[in-house]
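Let me begin by handing over the structure; questions about it come next.
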Amino acid sequence: MKVQIEINASVPNKQPTKLTLQRQDLVHKLYTTISALPVVTDPNRPCTMELGPRYTLIFTEADEKTLIEAEAQRYGCRPVIIQGERQQRDTNPEFWKLLDQVLREAAPPATVQKLALLHNGQTALIDSAQQAQALYDALIKLPPVPEGDPHQPEKQSAYQITFFTAHGTLSGTIDKQYARLEGNEQARGGSYYVNDAFMQQVQDISKSAHYAPGRPDALTVTVSGPEISMRSFIDTQSEDAPIMQQLYTKITRLPQKAASCSTEEEKRQKKLTTTSLHFTQWGLPLLSVEIYEGEHCQQVLPGPGSEVQPDDEFWNLLHKLNR
């Protein structure tokens, strides 16, 4: 069995994207999921006015006999319409998550231009398109992790990776057992079992790379509290780029401290301001920090189970971002 997919975006004059997936476990999973979707009981239910793509899904057997043809609409009430049926089918988040996985697996291989690595807290950029392409090709040829595999990602992957393509970036992780790559409609991705040959290839590239301490080129700031709610993005071209660099350096140099207070009561009373900082370089996740500011308790958490002691310079830099 295979599924042919035609993606019609809600963009004028854009030609449909056509994909085909023959990976049997995913094709069967999508087929049975669509077949089991419940019928819409209220055809007059209110729907949103959002725009989005629609996907035509044609399932065929080896002899090209069509088993089912369906259209999934990623807009409005997001129904699935099965050809020959008078009533629409209702969808759920699990269906769309599965369809996204199918789209990533069915996408064509990417043409890679370069590669960025994060390893042991340091970053490196591999400008060799040949090396980057060879690693990407080897990754997507690894045995795929089947749908339903109960594997758990390691708390900290050995390598964070970013492949650069003409259509953007593809981010992923590599650890002792698994490699994961966030693909899209233009470039294949997925979850794969790592073998010794692939890990050796990764290590060979890593050994020849020129690593240096991370230097963020982007920062996402999210703030929520009693009198503020904001989300901002800062990059190297932004007015606040110098503050981004100073704040990152400052956080990495703050001393560790034992937990000295609890923010739970102020959270319940909604008297707490929470700031989330996500620093990246070349799409690699350098540092994520949660900051809690209450009347009686302030915490700076640069990682699970980790707390640092802030000083006046830190708070001044942070509040400049939140101004």
Side-chain angles (χ1 to χ4, degrees), residues 17 19 100-101 103-145 153-154 156-220 233-238 240-242 244-245 248-249 252 277-288:
T17 300
L19 307 172
D100 284 338
Q101 184 181 1
L103 294 173
R104 290 194 299 269
E105 294 281 350
T111 299
V112 179
Q113 300 168 338
K114 55 186 176 180
L115 164 69
L117 296 173
L118 172 61
H119 180 55
N120 291 334
Q122 296 197 318
T123 60
L125 187 64
I126 312 298
D127 284 317
S128 169
Q130 183 178 3
Q131 274 190 312
Q133 187 70 57
L135 185 64
Y136 173 83
D137 291 343
L139 192 157
I140 63 172
K141 289 177 182 177
L142 291 170
V145 176
E154 296 189 8
Q156 185 170 0
S157 298
Y159 297 90
Q160 300 276 350
I161 57 175
T162 299
F163 291 103
F164 292 80
T165 77
H167 300 290
T169 58
L170 304 172
S171 298
T173 60
I174 300 171
D175 55 42
K176 296 177 182 178
Q177 292 181 290
Y178 302 99
R180 303 169 187 83
L181 187 63
E182 292 296 328
N184 51 46
E185 295 169 9
Q186 284 80 36
R188 186 176 305 165
S191 296
Y192 306 88
Y193 291 116
V194 166
N195 56 36
D196 292 341
F198 176 76
M199 186 55 75
Q200 186 62 55
Q201 185 177 356
V202 174
Q203 291 171 351
D204 288 344
I205 292 176
S206 182
K207 287 177 182 177
S208 66
H210 299 289
Y211 282 98
R215 184 175 174 82
D217 56 25
L219 168 63
T220 302
F233 178 78
I234 300 167
D235 61 18
T236 55
Q237 303 302 313
S238 302
D240 288 334
M244 171 179 68
Q245 300 292 347
Y248 176 80
T249 301
T252 59
L277 306 177
H278 183 57
F279 296 90
T280 60
Q281 180 183 10
W282 303 319
L284 301 168
L286 289 183
L287 180 66
S288 292

Self-check item: Side-chain donor/acceptor of S238 to backbone N/O of D240, under 3.5 Å
Solution: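 Looks like no, no N/O pair under 3.5 Å.
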Quiz prompt | Close side-chain approach of K176 to V194, heavy-atom, < 4.5 Å | solution =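 No, too far: nothing below the 4.5 Å cut-off.
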Practice problem: Would you indicate whether the side-chain heavy atoms of L115 and S128 approach each other to under 4.5 Å? | Solution: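 Contact flag for S128/L115 side chains = no.
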Quiz item: If we only count heavy atoms from C-beta on, is the Y159 to Q203 side-chain gap below 4.5 Å?
Solution: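 SC-SC contact between Y159 and Q203 confirmed.
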Quiz item: Is I161 close to L139 at the side-chain level, that is, under 4.5 Å between some pair of heavy atoms?
Solution: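 SC-SC contact between L139 and I161 confirmed.
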Quiz item: So, does Q133 use its side chain to make a donor-acceptor pair with the main chain of A110 at under 3.5 Å?
Solution: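 It does hold such a pair.
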Exercise. Taking the side chain as every heavy atom from C-beta outward, state whether L181 and R104 have any atom pair closer than 4.5 Å.
Key: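 Of all side-chain heavy-atom pairs linking R104 with L181, none is under 4.5 Å.
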Quiz item: Are L170 and Y136 side-chain neighbours, meaning at least one heavy-atom pair lies under 4.5 Å?
Solution: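 Contact flag for L170/Y136 side chains = yes.
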Practice problem: Measure centre to centre between the rings of Y178 and Y192, then say whether the value is under 6.0 Å. | Solution: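 So the answer is no for these two rings.
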Quiz prompt | K114 vs I126 side-chain heavy atoms within contact, under 4.5 Å | solution =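 Not touching, per the 4.5 Å side-chain cut-off.
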Exercise. Specify the closest pair of heavy atoms between P213 and T123, including all atoms of both residues, with the distance to one decimal.
Key: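 Nearest heavy atoms, P213 then T123: O-OG1, 4.3 Å.
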Practice problem: Using only heavy-atom distances, determine whether the side chains of D196 and Q200 contain a donor-acceptor pair under 3.5 Å. | Solution: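 There is no such pair between these side chains.
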Practice problem: Report yes if some heavy atom in the side chain of I174 is under 4.5 Å from a heavy atom in the side chain of M199; otherwise report no. | Solution: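 The answer is yes, as the side chains (C-beta and beyond) meet within the 4.5 Å cut-off.
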